[in-house]
Structure formats: C-alpha cells, structure tokens
Enquirer: 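To start, I am sharing the structure in question, which I have written as structure tokens.
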Amino acid sequence: MASRQLSETKLRRRSMSTSYRLPPLPWFGMDIGGTLTKLVYFEPSLDNAEEEREKVAHIRKYLTSNVAYGTTGLRDVHLEMPNVSFLGRSGTLHFIRFPTCSMSIFIDMAKDKNLKDLADMICATGGGAYKFESDFQSRLGMSLLKLDELECLLNGLIFLAERHPLECYYLPEPDPSRSDCLRQPYSLTRQSDCYPFLAVNIGSGVSIIAVRGPRDWNRVSGTSLGGGTFLGLCCLLTGCETFEDAIALAERGDSNKVDKLVMDIYGGDYELFGLRGDLVASSFGHMMSVDKRAEAKPEDLARATLVMLTNNIGSIARMCASTQGIDRVIFTGNFLRCNELSVRLLAHAMDYWSRGSIKALFVQHEGYLGALGSLMELVDPDSINNAYFTSEDGYKKHDFLRLCNIFKLLI
Amino acid sequence: TSEYCSSIAISELSADVLRDLPTAQRFALDIGGSLSKIVYQSKRKWRKTFVVYDENTDSHLYSTQELEKEADCLHFIKFETRLLENCLDFIYDNLKGSDGRGLEILRNSPLRVTGGGAHKYRLAIEAKLGCVVEKEDEMTCLVRGCAFMLKHIPGELFSYEHDSSPPCCFADELSDGGEPFLLVNIGSGVSMLKVENETTFTRIGGTSLGGGTFWGLGSLLAGTSDFDELLEIASQGDHRNVDMLVGDIYGSESASSVHGLSADIIASSFGKASKADCKEFSKPDLLRSLLITVSNNIGQLAFLYASRHQLRRIVFAGFFIRGHLLTMRTLTYGVNFWSQGSVKAYFLRHEGYLGAIGAFVRGLEKDRRIGVLTGSWAENLCTSSSFDVGSWQGMAALELDKRKELTDFPLLRDRLDYVPDTWDLSQDLSAREYWLNCFEASIDRHQQRAVLSQPDSPSATERGEAFRLAYQNFFKEARANPVAFGQLTVRRILDVQEHCLRESGFPDPFWVLKREENEVALDGLQSRLSHLASLPSADLPAALIRGLLGGNVFDWGAGRVAELLAEHGKQFGLNEAMEQLQPRPWLVDDLDAWTSRLKAGVYTCAIVFVDNSGCDLLLGVLPFAIDLLDRGVKVILAANHGPALNDVTIFELRALIRRVGSFVPRVADALSSGRLLLAGTGSSSPCLDLRYVSVEVADACRQEQVDLVVIEGMGRAVHTNLYAKFSCDCLKLAVLKNAWLADRLGGNLFSVICSFEPAAAAAVG
C-alpha cells in the first residue's frame, strides 16, 4: 500500500520536474496531523545568497522574530537547527506547530502574508493534507503536494540522525521514578548500520513501522490508543485543557491511587508467574470504588492515564519488535514532546519486559520528522538528473554534488 | 435493571439451586470482585425403572420396578460477593442439619478457594465453616475449568458471527489433535495463557487494560459503579462522537481511496474528547468508546500473542465478557482485523464457572480423589438456567449429572469433522418454528402418558403438571432465544423432554406400552421367521430390509403413526406397515448395492443401533440380525441405557432376547456362544451422538472388529448421523414418518431412506 502510494507521488514529481529549478523561497514542509499541524521552515542565511525578495523577507522576519503566532501557533526554539545545509543552501531549520483545528487561522495568515505570490504549492503530509487540500486551493489558490506520511517520517528521521549528533538518544538506566535519568546519545547513521529498526510514531494514534532498509519498510501495526487518547481522557477526567497541563498534572500525580496493583489482588507478588507485586494489574482498577474515587486527585488520574497508555504502547511495540526479530525501537511523535515521564516509562518497560534484549531509542525533534521529511520532498531525489541537465539559472556542478551528497545519504 | 448482579436471595437459593446442600460431599469457591461462584457435589436421588424378569412367576414378559437411586450431581451457583457471609451461614445451617454429618464431611478436606477474593475472605470462611481454606491459583483453576467444560459439554464453545442471527455459532470442542490455544482471561486485568492441554499452560503475557479499566474509567466517566449498568449505557452510545476516525483526519472519503483504509476506522480513541473541540460528550457515547477501546486493545494484543506463538485459536474468558454482545463483537473484530481471519476468536457458554470447577478439580487432584470425576458429566437441561447471549445475564444456575463414562465411537471416519445433527435450528428459522411447534403440541400427550404410567402414585398428577410447566418454559425460552441451551436441534429438544420427565419423577412413561408392543410382536415372531424362511434365498435380503423398514413405521414419537396405531389398534401389523412404505425406487435406494455386498459375505461383525420396541425390534431388526448370524456375521445389538420415548432399552432388550432364545434356538446359541452381543449405548435419547457412546460399545467395536454399522430410525439416522461418515461400511435405514422432514429431504410421507455407504466410497467422498 505504502510503496504504491510512494510511486504515485514520484510519478507526479517527475512529470512536474522536467524543467526543474530550485523551488522558490520560502521553503516549508508541513505535516497536518489529527491534533497538531507541524511546520518546518528553512531560513536561508543571507551572507552568500542572492538578494532576497521583499515578500520572502517579510515572511522570514515574521516567522523568526516571533515564537508565538496568532493565539495557538508556537515555535519550538529549543529545537532550532542552525547551519544546516539544505538544497545547496545553508541556513536554519525552524520548528513550528499549531493545533490542526486552527488551520483556518493559518490559511488566513498565509493569505495575509501573500504566500501565494511566492509559491503555488506546499509539500504536505499527514491526513490533513487530504482533508484541507480543497481549502488551500479555494482560499489560498495553492495546491498541496500530498506526500506519504510514513515515508516522510522515515526520511525526516534519517536526515536528522545523520546531521545532528545528539538527535537520537537512549536511557542507559531507565527508572520511571527518577526525573534525572541520564540521556546517552545514540549514533543512528547509515554508517552505524542503523537497519533494521522499528519506528513507533505516537501522534493522536500510533503507527508502527518495521524499517529494514532505506526503501524497505512496512507498517506492521498500530493502535488507536495514542496521544489523542491521553489528552482526551485527561480533559474528561481532570478538566485540564492542554497537553502541557495534562503532562504537568501527570508529572506530580500518583497512579497507585488509581490503579490496582498485583499486590492489591494477591497480597504480594504473583509468584507462580513471576509478576512483581508493584506491577499494575488493572489500570484504573480502584476506580469502581466510590471511596477510592473520592480520594483520587486530578493529578493521580492524569498520571494513571499516562502510565496506562504509555505502557500499552510499549507492550504492543515490544510484541511487534520480537515478532519482527528487531531489537531497536525508535519512539517518535508529539506525544513524547516535553513528556520525560513517558520516555522513562517506555525505556523502562522495553528493558524490563524484554529482559534487556530490546533497546528503546528517542529523538529530540520527536514531533517534526514528518514535516521535515515533507520539506525534503521539495526536491525529489529521482529528479536530480533532470534538475542538473535542464537547469538554466547557473547552478554550479559543485552545488549539485552537494545536493547529491545529501540525497545519497537519504536514499 | 440488570439481572446478572442482582442477588439471588438466599431464601430463593434454598428452594432451588441449593436444595441438595444437605447431601453435599465437596465444595469449591471462586470469589471474584463482584460475583462469587460455588460449585458443590451432591448425591441426588432419582426415580429409576428397573426391568425384572422371572419366567416362572410372571404372566408378562417382564415387569418393571421404580426405585430411588443415588447419582452424583455437580451444582453451580453464583451470587454477589457482598452476600458471601450470608451464603456461608446458609451453607453452615444446611450442612449442620440434624446430625452434623455434613459439616464433618466438609471438614474432612480443605475447602478450595480461588479468585481475587480468596486472599481477602480466607479467614472469614475458616471462621464461619470451621474448615481449612486452601487458596488455589486462579489461572491454574481457569485452565482446568476450561478443559473440564470443553470435555464434558458439547457446544460449550462458540464464535461471534455478526452476520448470523443469533450471532453466535457453536463450535465443537477445541480438541483438534490437541492443538494448543490461547486462553485470554479478562478479569480486572488480562492474562494471556498458552494452553497445551488441561494441565500444561504458560502465562505468555497480559495487559493492565482489562475489565477493571472499563469498570474504573467507566465509573469515573459516568458517575455510577454498576458494571452492568455501564454496559447498558454503553450499548446506547455512538463512539464516533468521541473517537477520532480516519475519516476525521483525512476528510471523509478521500482517505479510503488513497490508503485503502476505511474512513470509519478509529485513528485515535477519545481523540475528539480534548477540550480544544469544545464539545459536550454524552455518557453513552463516552462509555461506548471506552468499551470499544478496551475490547479492541485486548483483541489486538491477543492476536499479537497468538501469532507470536503460532496459535490459531483464542478463547476469551473472564467477567468482562458476560455474554455481552458488543464486547464479544469488538473482541472478535479486533482479532479478525489484525489477523485477517487467520486467527479465530471463541467464547464459552459457562465462562463464569471455569474458576469454580477448576478449583474443585484441583482439590480432587490434591486429595487424590480424582476418581470422583471419572465418567461423563451432562448438562441437566431441566434445572440449568438458559444462556442468554446479548442480555449479559450469562449463565445463572448450572447442574451437571454424572453419566456412565462415554467416549468417541471408534468407527467414525473423522472424529473432528463429525457433526451429529442434520439441522441447526438455532440458525434455520423455518425449521426452528416447525419443530418447536411440533414438539410443543405434544406436551399434553406426554403429560398424560407420564401420569398414566404411575397409576399407583398419588403425586403423579402434580408431578405431571410440574413436567408440563418445566417443558413449556423451555419452549418459551427457546423461542425468545434460540441459543438458550447451546445449539438448538431436534436432539436437544428431545433431550430436554427426557430431562424434564426425569426431573419430575417420570423415568419411563412408555414402559407399559413398550411391554404391550413387545408382547404382541413376540407373538408374531415365529410366523415372521417361518415366512422369511419360505422365501427363495435370493429374495431374502430385500425382504429383510423391507421388514426392518416396516417395523420402523411403529413409532409413537411420530404424530401420524400414533394416529394410525390408535385408529387400527392391533389390526395394524407389520404387513399393514409395509404397505405404507413408499414403493421402490425409494428416496434413497441403495438396496441392490447392499444386497450384493451382503451376498459377497465379507463381514465379520455388525453393530446395529436399534430404535423402537415391539414390531420394529422384534419383527424388523431381529430377523435381519438372525440372517446376519446365519451368514456367519457376529452381531452387536446396541440399545439405549436409559428410556427415551418407546425406544427399547438395553435392559428390556436383554429380557426380550432371552425370551426369544427360548423358542428360537439359533438365537439362544448365538447368545451363549458370544456371536450375538447386547450392548448399552450409554445414551437415553431417541437420537444418537456418536461423540458420546459407552466404553462398552466402543470396546466391543474394537474387540469384535466391527466392519458394518447399521443405524435405523429417524432419530438416529436422519435427525442425526444422516451425513456421518464411517471408516467401515454403513447402512442407514429410516422411514420418514414426518411430512416436514420428508419435504426437506425431497420426499413424501413414508418415503424410505436406505443408504448404503461402503467404506471405500466414504474414504473417497
């Protein structure tokens, strides 16, 4: 399914790129998910570049001089990547997000900034690329180049892992109860023989992809119990309104007030099966009792929700990894954004239940891989040759080789 | 609103399910979070008919005596855990009785208790009953219990089929060459067990998202803690208002075209519930979403564990299911979706009692008393309450009666392919209506006959009424819920009739009639034999078959025949019966093939499953058997152990054959030389389920190297076994004495089935 999808995209790109030229600035990649829209913006450095057109400068200044856009858009400054070389240009990658339900505001803003005058197409992935295609067309006059979600994710992942030495990390001694767990960088590059691995992307829902090589991957599983479930349940149970609030609540709660542990049922360990007494036997298992419900605080409920969903994802991921014979699992997606607790829980659960045989890996730009991957599709690797032979505007072979080097790494 | 959790008041218990408490021999308990179950074994007293024959003193062929006989019974009851102490008090009082014998028996061995509450209530139980409590591991009990139910109760297992009505399809036991399966116990949490056999299993995984999660989260979301109320609310909701669907993310239609994903697949459970959407959510929608979230997740994990361990079957058990349709549907959907149909989900009819019976079995093993369980245990269809799939009342009372040890008939060609019943009335609406009407219309007739069979008993009228009420109640339930007692078949209905009669103290309403018919037929045997002897030998096989078929017309179970018999009385003899038969060619006419095969003289030993008393047995089957003996073929005549309609029982058969021997020397010789054997099938049904025959029959088939199976009569050869295949030659003979049946098979009233199926053909086709 996915590869068929991919070839369709390629075909379209190929036909469009017969007279290829570098796409006009500004360069965006978008990932329109069920809950959040992620935008990656490449800000070229101006030192050796041609004169910037006025409108482009306007957009650049708007995006880079603010960290918040409208009422809901935010720029993750801590994730910013300076001095990145991209399509022969060097510059800075910016990472911006806003709730998908504010898409209309985004379109208004893009209209306001006359984005249409600069480009007639945006690379976009995620389900929203389909959902909002007609809105972009009718209200902005721009088309969306719809790109495969999982391919973008994987491309973005490898791109970052190659370029950013601290991008990928693991917890050598995962302990859910300690907030100061050491993060150890993990080298995930082509040279480090990164395949195979399992990519577990936790957005609103969860996709699980077995990746065996650059072009050799398939979606092996997934679950609807994901980040959307966490936020939805937390909102219902605690009255909180944002993901950040929900995470903050969970950080200080005690799930043992909510969950029934093995020891609550068996009085200790369940020795026959080697289950420790402090393991959760039943998530929310205390909450059928009126008294225990009265005792449970919002933070306890948030914590229990987080622990339940995180462990469940870990459990499904571990089953898939062992079924596929894979021993590295990379967790990505915005559920893990500023969510140290889930990172620790996942790392610990993978280690504990696999008896150390499966390693959990995480990435810094967890939520932006798809958007980044779609940005990279601005230039399709297959169209490089065309780009070289048909370019008329003074591309130097030098630039082309740099481009090729980038993409060779990607392919 | 919900029946499942409502307490069975202890006083009600005393009247019914706990009535045999004073004779209880052993107990076991399963104490769950909300419900507890007790299983106990008692000695029940039954009225039983005994055949007595004394040639010197009796003017009749034989006489019968009704005596009370003790038999083992297993009783299962459930009640709310909060009533545990009341229940223990009640047990104490009953066991104490007048002499305290019951308590003494109870204290002889430790009381086995399993379930989450075993730990919590241990001391309370010990204090109350003065016995030692031994905790039994929950999972071990579950596996034992599962094996017990699968072994003894046919149709225990079923799958949820959304497109069928009713949506459950009964499967045969899970005994495919002992292939291991995944047992998923959904209690507060979930345990996944790989079961290799009844004693060997491994816990291969689990999840904390279980029944407790639905219950706990549901209580938080709905503000009520009643588990069944939560399920009821959930059944009214629409999860699409709460869950984020693929269509919500992709825009409704484009998604399916691009990704091959249907737009209504759930992308994110509760994904619409964040405040950003500024929506009010209804409780039914939230609970529906929660139920689907939990069941889907369990279904997926179960599939993952099953495929990891190469298991093709998943059996779901635990309090979370409770026969609740939506739960079963979602679990099944989850398994089907992820496995693409390569793994199948099953459920159990008596799922709630697995732990209790498992603890009981464990107790017997530990006390080295496992002999108590030897034999087979059959559902008492009169005293067990119905299984109500869809209203999550699940199973209430259950009683199992001990039978002789039963086993597979060794000559079935493929035991796993064998389906005894020809029509599944659970799924076949028109067949169901016809047969329920047909049998219900006969209630009065059976009631009368039952009362008349005990002219000396003052309570007979009252018990006759009890029979009628019990049997009528069955029809009411079966109409409302065709799977109330597992798969509904003609065999099942006939079994219910026998169980209700027996339960009301009428062990054999037909005994007088059977004796009369036997006496009349016996008078005609000599002339029948002489007539046959006068025939040219070439004509003999056909004449014997015609006689056998004519004999089979005499069936009080068939309405039309009962009329004929009543109309003509004793004037209606074998010859008159043969005139009723369809002229040849018959509906199924393998007479010539059979005749030539018989003449080839290839057989060593034949087993003949006999049907009705009187003409059928004595003028039809017996001359046929004598001819086989004359041809040097050994013969086993197999008759029911217990009475059913006017079918001859093994005890009557013995008396009859002995009497025949007194004037037919060939029969006496064959009997004394062991060439003619009489065997009890272990059954007391007008039908024949070859998965459950007596060890006696099975052993005889092996020892005597039976190479011909003869099955006669509508019950044994048409309602059941019509399509049964055997590893040796088989002759199926029946007269269709029922218009519906004839019509279904493409014939008319009194059409004849004479189906000869050689082993070779059976092996090919």
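Here is the naming used below: chain letters follow the sequence lines, and residue numbers restart at 1 for every chain. The structure displayed is predicted, hence computed values, not measured ones.
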Enquirer: Treating A/Thr229 as the side-chain partner and B/Ser269 as the backbone partner, does any N or O pair qualify as donor plus acceptor under 3.5 Å?
Expert: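 It does hold such a pair.
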Enquirer: Working to the nearest 0.5 Å, report the span between CZ of B/Phe270 and SG of A/Cys235.
Expert: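 Rounded to the nearest 0.5 Å, the CZ-SG separation comes to 12.0 Å.
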Enquirer: Do you know which of A/Gly228, A/Ser224, A/Gly34 has the most heavy-atom pairs under 4.5 Å to chain B?
Expert: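 Going by pairs under 4.5 Å, I would pick A/Ser224.
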Enquirer: Atom CZ of B/Arg308 and atom CD of A/Gln324: how far apart are they, to the nearest 0.5 Å?
Expert: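 Taking CZ in B/Arg308 and CD in A/Gln324, the distance rounds to 11.0 Å.
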Enquirer: Quick one, A/Tyr270 with B/Glu138, criterion side-chain contact (heavy atoms from CB on, under 4.5 Å). Give me CA distance, side-chain angles, the key distance, then yes/no.
Expert: CA-CA 10 Å; A/Tyr270 194 166; B/Glu138 226 179 319; 4.1 Å; yes
Enquirer: For chain B, find which of A/Cys234, A/Cys320, A/Gly222, A/Gly226 contributes the most heavy-atom pairs closer than 4.5 angstrom.
Expert: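 Highest number of heavy-atom pairs under 4.5 Å: A/Gly222.
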Enquirer: Does any backbone or side-chain atom of A/Phe132 lie under 4.5 Å from a heavy atom of chain B? Answer side chain, backbone, both or neither.
Expert: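 Neither; nothing under 4.5 Å.
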Enquirer: Looking only at atom types and distance, does a side-chain atom of B/Ser208 sit under 3.5 Å from a main-chain N or O of A/Ser282, one as donor and one as acceptor?
Expert: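 Looks like no, no N/O pair under 3.5 Å.
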Enquirer: Please confirm whether the backbone N or O of A/Ser204 pairs with a side-chain atom of B/Ser268, one donor and one acceptor, at under 3.5 Å?
Expert: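 Yes: the side chain of B/Ser268 pairs with the backbone of A/Ser204.
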Enquirer: Is A/Leu279 close to chain B through its backbone or its side chain, or both, or neither, when contacts mean heavy atoms under 4.5 Å?
Expert: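 Neither part.
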Enquirer: Test side-chain contact (heavy atoms from CB on, under 4.5 Å) on B/Leu209 and A/Leu225; report intermediate values, then the result.
Expert: CA-CA 11 Å; B/Leu209 270 90; A/Leu225 282 78; 3.5 Å; yes
Enquirer: Which bit of A/Ser322 is near chain B, if near means a heavy-atom gap under 4.5 Å: side chain, backbone, both or neither?
Expert: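 Contact with chain B involves both backbone and side-chain atoms of A/Ser322.
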Enquirer: With chain B, which of A/Val280, A/Thr305, A/Asp264 has the greatest number of heavy-atom pairs at distances under 4.5 Å?
Expert: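 Most heavy-atom pairs under 4.5 Å with chain B: A/Val280.
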Enquirer: Which heavy atom of B/Gly212 sits nearest a heavy atom of A/Met288, and at what distance?
Expert: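 Result for this residue pair: CA-CE, 4.0 Å.
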Enquirer: Examine distances only and state if a side-chain atom of B/Thr213 and a backbone atom of A/Ser283 form a donor-acceptor pair shorter than 3.5 Å.
Expert: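 Yes; judged by distance alone, with no hydrogens or angles, the pair exists.
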Enquirer: What part of B/Thr140 lies closer than 4.5 angstrom to a heavy atom of chain A: side chain, backbone, both or neither?
Expert: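 When you check distances to chain A, only side chain atoms of B/Thr140 fall under 4.5 Å.
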Enquirer: How long is the gap from CZ on A/Phe273 to CG on B/Asp137, to the nearest 0.5 Å?
Expert: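 Going from the CZ atom of A/Phe273 to the CG atom of B/Asp137 covers 5.0 Å.
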Enquirer: Got a sec: does the CZ of B/Arg240 have more than 12 other heavy atoms crowding it under 6.0 Å?
Expert: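 Open: at most 12 neighbouring heavy atoms sit under 6.0 Å from CZ of B/Arg240.
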Enquirer: Can you find a pair of side-chain heavy atoms, one from B/Ser225 and one from A/Arg293, that are under 4.5 Å apart?
Expert: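 Counting from C-beta outward, B/Ser225 and A/Arg293 do come under 4.5 Å.
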Enquirer: About how many Å separate OH of B/Tyr305 and OG1 of A/Thr323, when rounded to the nearest 0.5 Å?
Expert: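 One gets 9.5 Å once the value is rounded to the nearest 0.5 Å.
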Enquirer: Which atom pair, heavy atoms only, marks the closest approach of A/Ser221 to B/Trp338?
Expert: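 Between these two residues, the closest heavy atoms are OG-CZ3, 3.6 Å.
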Enquirer: How many angstroms lie between CZ in A/Arg318 and CG in B/Leu304, if you round to the nearest 0.5 Å?
Expert: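 The distance works out to 10.0 Å.
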Enquirer: Does any non-hydrogen side-chain atom of A/Asn311 lie less than 4.5 Å from one of B/Thr207?
Expert: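 Answer no - side chains too far apart.
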Enquirer: Taking A/Gly285, A/Ala281, A/Gly205 one by one, which has the highest count of heavy-atom pairs under 4.5 Å against chain B?
Expert: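 Highest number of pairs under 4.5 Å: A/Ala281.
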Enquirer: Any side-chain heavy-atom pair from B/Arg203 and A/Leu272 closer than 4.5 angstrom?
Expert: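 A side-chain contact under 4.5 Å is absent here.
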Enquirer: Taking side chain as C-beta onward, heavy atoms only, is A/Thr35 less than 4.5 Å from B/Met244?
Expert: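 Contact flag for A/Thr35/B/Met244 side chains = yes.
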Enquirer: Which bit of B/Leu290 comes within less than 4.5 Å of chain A, counting heavy atoms only: side chain, backbone, both or neither?
Expert: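 For B/Leu290, there is no contact with chain A at all, as no heavy atom is under 4.5 Å.
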Enquirer: List the steps and the verdict of side-chain contact (heavy atoms from CB on, under 4.5 Å) for B/Leu217 and A/Met308.
Expert: CA-CA 12 Å; B/Leu217 256 175; A/Met308 169 179 80; 4.1 Å; yes
Enquirer: Once rounded to the nearest 0.5 Å, what's the spacing between atom CG of A/Leu237 and atom CG of B/Leu220?
Expert: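 Separation between the atoms: 5.5 Å.
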Enquirer: Report, in residue-number order, which members of residues 296-303 of chain B are under 4.5 Å from chain A by heavy-atom distance.
Expert: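 The residues closer than 4.5 Å to chain A, in numerical order, are B/Asn297, B/Gln300, B/Leu301.
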